[in-house]
K.L.:
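The following block contains the structure, expressed as structure tokens.
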2 protein chains.
Amino acid sequence: MSLSDLFGGDPVVSGQQVRVEPTQQRSTARLSGLLDAAAVVVDEVGFDRITTAMVAERAGASIGTVYRYYPDRVAVLQALRERAVLRFRQRVVEQLKTSGTETWWDAVDCAITAFVDLYRSEPGFRIVHFADRERAPISGSEDLESGYFAHQLAGVLAEEFGLHGGPDLIFRLEVAVEMADSILSRAFHSDPHGDERFIAECRRVMRDYLVGYYGPVAASV
Amino acid sequence: MSLSDLFGGDPVVSGQQVRVEPTQQRSTARLSGLLDAAAVVVDEVGFDRITTAMVAERAGASIGTVYRYYPDRVAVLQALRERAVLRFRQRVVEQLKTSGTETWWDAVDCAITAFVDLYRSEPGFRIVHFADRERAPISGSEDLESGYFAHQLAGVLAEEFGLHGGPDLIFRLEVAVEMADSILSRAFHSDPHGDERFIAECRRVMRDYLVGYYGPVAASV
DNA sequence: ACTTCTATGATCGAGTTCCGCTCGGTGAGC
DNA sequence: GCTCACCGAGCGGAACTCGATCATAGAAGT
């Protein structure tokens, strides 16, 4: 169970994301082009002022092309969100490899950093956010992005740093992810670069919360 | 500065909420009837599948009536949210009066309880949530519901329980409110009655977080 | 290899449907 | 009778469809 396995792959949440999987080369470019356009437009006009026509025009495509790939307006934004989350995971993996990761806190800290970077660099992410509660299926915990991510992170922390795994760890991590997401969302609400006070407080809260259960960082079990 | 002053009144956020303030008796009933209908419908079909026609029909009114009171579709949902938040404040005041409130923690605990009650009893609140980040003005902290509420709560805690007031207290309370909102949202996502594990964890997190800054509950100051 | 040739993927955009919202006309309250 | 409240057909615009048209990959022929 490598890091790439844990953090790669499709999110569980995705209903049928695209109507037709593109096979030709140009269409793959179209698809990502549509999402790029959607990202820019959603940043400019907001979540519910965005129209399919805007996205199409910005991407240099026609309306029909948008609907070839996405069943409706919101599906486009959902896809945008999912792509961003995928990039988040990749960034976490990247940072876990490069920076020396010795304790479980280093890993969590990496995730927070990646999250912040994502908010800063990914257009539209401020709007679509990390988890979409609205149209997630109302069943198990893993159907939520936070739950899914918590699940994965629990795997890493248990395997790589010997934290005691199991449902308790997953539960606490899900709580942690929810908290981090909300504080960081707040940090970026009024400040495109992220209010450092909230970001710092987020790290502190995460650390205190998890240390409370899993002991000081230095002597992780 | 009494409790009722602090928690009553209109939220700062509200743009023009209603177009015309109703003067006759029946129209007041219509207005709340519209919100009741909106609450039920939004629970059934979700935030962006709800149509003004649905609300009108469910309330036994016509389209025109909806638009007499609310400028657009989202304003209805915003009004629904604001009414719910108002009820929340009233509930907090009520509980602060009835249950013996001796320490600052009692007050915070009351707020959490009221929040949980609100999620349980207020239709549509699961969907419209506590704070509406999307269309809140992007400026100061008090423009957000969480910031506004934190501000008020800070006033109470400082005045009534002698906590050291000022911007730091407000900041920490805003972080606390954001965390509580997210954890409780999660608690109610898949369980209409609220997952007790998340609710309990919410209390614990709040307590630990605030105790870290303001000392043990027994010896407040 | 190099060129057709063709099945199918991809694109387009006018047209349809549906929804948000207006407004002039009608009824109810003071 | 004067104003407030209500209605609902109708308008504009956005979501979404669908058959016609173009592009591409890869097979078949030379």
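Side-chain atoms are counted along with the backbone in the values below, which use heavy atoms only and exclude waters and symmetry mates.
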K.L.:
Within this structure, what is the CG-to-C1' distance between B:Leu34 and D:dA5, rounded to whole angstrom?
P.N.:
12 Å
K.L.:
On the nucleotide C:dT11, are OP1 or OP2 found under 4.0 Å from the side-chain N or O atoms that A:Arg30 carries?
P.N.:
yes
K.L.:
Closer to the 5' end of DNA chain C via nearest nucleotide, is it B:Arg26 or B:Ile50?
P.N.:
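Closer to the 5' end of DNA chain C: B:Ile50.
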K.L.:
When you check the phosphate oxygens OP1 and OP2 of C:dA10, does a side-chain N or O of A:Thr23 lie under 4.0 Å from one of them?
P.N.:
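Yes, because at least one side-chain N or O of A:Thr23 sits under 4.0 Å from OP1 or OP2 of C:dA10.
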K.L.:
Could you tell me the separation between the CG atom of A:Asp72 and the C1' atom of D:dA14, rounded to a whole number of Å?
P.N.:
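These atoms are roughly 13 Å apart.
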K.L.:
Within the structure, does a side-chain N or O atom of A:Thr51 lie under 4.0 Å from either OP1 or OP2 of D:dA14?
P.N.:
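No, no such contact exists.
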K.L.:
For D:dC7, take OP1 and OP2 only and decide whether either is under 4.0 Å from a side-chain N or O of B:Ser62.
P.N.:
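Checking D:dC7 against B:Ser62, a side-chain N or O does come within under 4.0 Å of OP1 or OP2.
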K.L.:
Is A:Tyr70 close enough to D:dC16 that one of its side-chain N or O atoms is under 4.0 Å from OP1 or OP2 there?
P.N.:
no
K.L.:
Tell me the interatomic distance from A:Met54, atom CE, to D:dG13, atom C1', rounded to whole angstroms.
P.N.:
12 Å
K.L.:
Measure from CZ on B:Arg68 to P on D:dT3 and round the result to the nearest Å.
P.N.:
14 Å
K.L.:
Looking at B:Tyr67, does any N or O in its side chain come under 4.0 Å of the phosphate oxygens OP1/OP2 on D:dG8?
P.N.:
no
K.L.:
May I have the distance from A:Ile63 (atom CD1) to C:dA14 (atom P), rounded to whole angstrom?
P.N.:
11 Å
K.L.:
Do we see a donor-acceptor contact under 3.5 Å between the side chains of A:Ser146 and A:Glu178?
P.N.:
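A:Ser146 vs A:Glu178: donor-acceptor pair found between side chains.
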K.L.:
Between B:Thr28 and B:Gly64, who's closer to the 5' end of DNA chain D by nearest nucleotide?
P.N.:
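Between the two, 5'-proximity favours B:Thr28.
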K.L.:
Rounded to whole angstrom units, what separation is found between the CG atom of A:Leu77 and the C1' atom of D:dA15?
P.N.:
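The distance from CG of A:Leu77 to C1' of D:dA15 comes to 14 Å, rounded to the nearest Å.
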K.L.:
Any ion pair linking A:Arg83 and A:Asp36 (charged N to carboxylate O, less than 4.0 Å)?
P.N.:
yes
K.L.:
In whole angstroms, how far is the P atom of D:dA15 from the CZ atom of B:Arg73?
P.N.:
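To the nearest whole Å, that distance equals 11 Å.
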K.L.:
Is the shortest side-chain N to carboxylate O distance from A:Arg89 to A:Glu94 below 4.0 Å?
P.N.:
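No salt bridge links A:Arg89 with A:Glu94.
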K.L.:
Between B:Ser27 and A:Val74, who's closer to the 5' end of DNA chain D by nearest nucleotide?
P.N.:
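Upstream on the strand: B:Ser27.
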K.L.:
Could you check how far CD of A:Gln25 sits from C1' of C:dA10, rounded to whole Å?
P.N.:
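After rounding, the gap between these two atoms is 14 Å.
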K.L.:
Does B:Arg87 come within less than 4.0 Å of B:Glu82, counting only side-chain N to carboxylate O?
P.N.:
no
K.L.:
Can you tell me which residue among B:Val76, B:Val66, B:Thr52 is in a side chain to side chain contact (heavy atoms under 4.5 Å, CB included) with B:Leu34?
P.N.:
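Only match with B:Leu34 under side chain to side chain contact (heavy atoms under 4.5 Å, CB included): B:Val66.
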K.L.:
Considering only side-chain heavy atoms of A:Gln24, which listed nucleotide, D:dT24, C:dC12, D:dC6, is closest?
P.N.:
D:dT24
